[in-house]
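Contents: one structure, followed by commentary.
Letters A, B, ... mirror the listed sequences (proteins, then strands); counts begin at 1. What you see is a predicted model; the values in this text were computed from it and never measured.
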Number of protein chains: 2
Amino acid sequence: MSVTARESYHHGDLKTALIVASEAIIRAEGVEGFTLRKAAKSAGVSPGAPSHHFNGTKGLLTAVAIRIFKQLGAELDALPSSGMPAQDLRTQALGYVTFAARNPGLFRLICRVDLIDFKDADLMQASFEALTHYAHAAAAYFGHEPTNLHHRVFRPHMASAMATAHGLAHMVIEGRPALLFDTPDPIGTFIETALPSILLATWPDPTSIDP
Amino acid sequence: MSVTARESYHHGDLKTALIVASEAIIRAEGVEGFTLRKAAKSAGVSPGAPSHHFNGTKGLLTAVAIRIFKQLGAELDALPSSGMPAQDLRTQALGYVTFAARNPGLFRLICRVDLIDFKDADLMQASFEALTHYAHAAAAYFGHEPTNLHHRVFRPHMASAMATAHGLAHMVIEGRPALLFDTPDPIGTFIETALPSILLATWPDPTSIDP
DNA sequence: CCATCAATTTGAACGATGTTCACATTAACA
DNA sequence: TGTTAATGTGAACATCGTTCAAATTGATGG
């Protein structure tokens, strides 16, 4: 059950052990099932130990969130590029929503402003970098230069593009598909059948021009 | 401080008093600042009293959520209709996001599936009815018949339209505008200047047809 | 008018949580 | 090898949601 067994008094690398244990707990039981004491016990350590490595529960969860943003960014980066802007943007959005659907607890964590410290510099950078690929795909679709996407005026089309994926992701983890569909397997069929058609309706392929 | 003073042993209408007190607490301190004991104290009652009227904290918060959905629905219903589908849809979306921006705690509540009972029949109906006007506006924009919007296949365009507003609302209460803009008053300027242009870019007016 | 019953409310429990702190242990280093 | 700073312990503490026997009162029927 515990992440790391221990024979000596000191742990060795309790900091990362706590982060790993916390991610596992949130994966299994959701953010609402996470407690600092569970994480400590899972790392084989007393309840007071984490205080020496993190600034309270918020500090630990912030470190976990950084880890999750990097995972999300890696998944989006790994998605194939077809060279066709519309399809690439749809692929990015599909990846974003799929990540949320497959990791609802972790996605909820990175949206819980009350649980993590969004003023943390590392977290801000990780959250920006996670969306770099998505933002570039959106910029390509709308014919914008992809430079200076962050800390600048948020272009209307790109804000709209970000909102679509973010909104769909929240709708999925809030169970809205189950309310709007009559399927026995709401999330699965939503991701595989409904979502692609939604994305196609949102960002259709450019119509060919007759000569 | 307490919502209702009391001279007799029994309260009279503790059930609604608890709902009103809870809404006030969430307005002032957010969902994360809400505790059942605070609500009981605000209603001038002992910590164990709410159990006789609600099925635990989740039951009380579900009742509050129903109240909030009705407020949201009333605000969307009160928005003017211009007869121009594009503008009406933008107006509805602006109203939706504005409600979230002005009532972040309450909007967070109605999205917290872990805190409220989304299988509750009254809550489901309230959540549906709150979005009726928005759904009709989206249906008009996309040329759909507005019948049977609920419990049926969610049309791709309408799902997209719902996702945009929902995603923008979440982005606002998650503080994303503050990360993406350099304004001292992130939410205010976002709602008043950036958001309209985002919505216009999402659902532009139909282009006039030359004769 | 009164007695009985059911509905409410109390207040003290209980277990669990995050955090703190004096103390124990040990790794790192002079 | 001895000293120091880092790391972990375990017992506190306040607060939380929940439960339950006892207390109080409104309502009902004689």
Of all the choices, D/dG8, C/dT19, C/dT8, which nucleotide is nearest to the side chain of A/Ser46 once you look at every atom? D/dG8
To the nearest 0.5 Å, tell me how far B/Cys111 SG sits from A/Arg108 CZ. 11.0 Å
Measure NZ/B/Lys58 against P/D/dT18 and give the value in whole Å, please. 10 Å
Interatomic distance where CG belongs to A/Leu61 and C1' belongs to C/dT19 [whole Å]: 15 Å
Tell me if the centroids of the rings in B/Phe107 and B/His170 come within less than 6.0 Å of each other. yes
Treating primed atoms plus P, OP1 and OP2 as sugar-phosphate and everything else as base, which nucleotides of nucleotides 12-17 of chain C get B, S or - for protein heavy atoms under 4.0 Å? -B---B
Interatomic distance, B/Asp13 CG vs C/dT8 C1' [rounded to whole Å]: 13 Å
Mind calculating the distance between NZ (A/Lys41) and C1' (D/dG8) to the nearest angstrom? 17 Å
Evaluation steps, side chain to side chain donor-acceptor pair (under 3.5 Å), between B/Asp88 and B/Ser81: CA-CA 6 Å; B/Asp88 289 350; B/Ser81 295; 4.5 Å; no
Quick check for you: to the nearest 0.5 Å, what is the distance between B/Lys119 atom NZ and B/Thr62 atom OG1? 9.5 Å
Looking at CZ of A/Phe54 and CD1 of A/Ile19, how far apart are the two atoms once the value is rounded to the nearest 0.5 Å? 4.0 Å
With respect to the side chain of B/Val45, which nucleotide from C/dT19, D/dG8, C/dT10 is positioned closest? C/dT10
Provide, to the nearest angstrom, the distance between the NZ atom belonging to B/Lys15 and the P atom belonging to C/dT9. 12 Å
Let me know the distance between CG of B/Leu14 and P of D/dG26, rounded to the nearest Å. 15 Å
Quickly work out the B/His53 NE2 to D/dG17 P distance and round it to whole Å. 17 Å
Is B/Thr57 near enough to D/dT18 that one of its side-chain N or O atoms lies under 4.0 angstrom from OP1 or OP2? yes
side-chain hydrogen bond (donor to acceptor under 3.5 Å, both in side chains) contacts touching residues 96-105 of chain B (sequence neighbours left out): B/Arg27-B/Asn103, B/Tyr96-B/His166
Whole-Å distance separating the NE2 atom of B/His52 from the P atom of D/dC20: 11 Å
Does a side-chain N-to-carboxylate-O contact under 4.0 Å join A/Glu29 and A/Lys38? yes
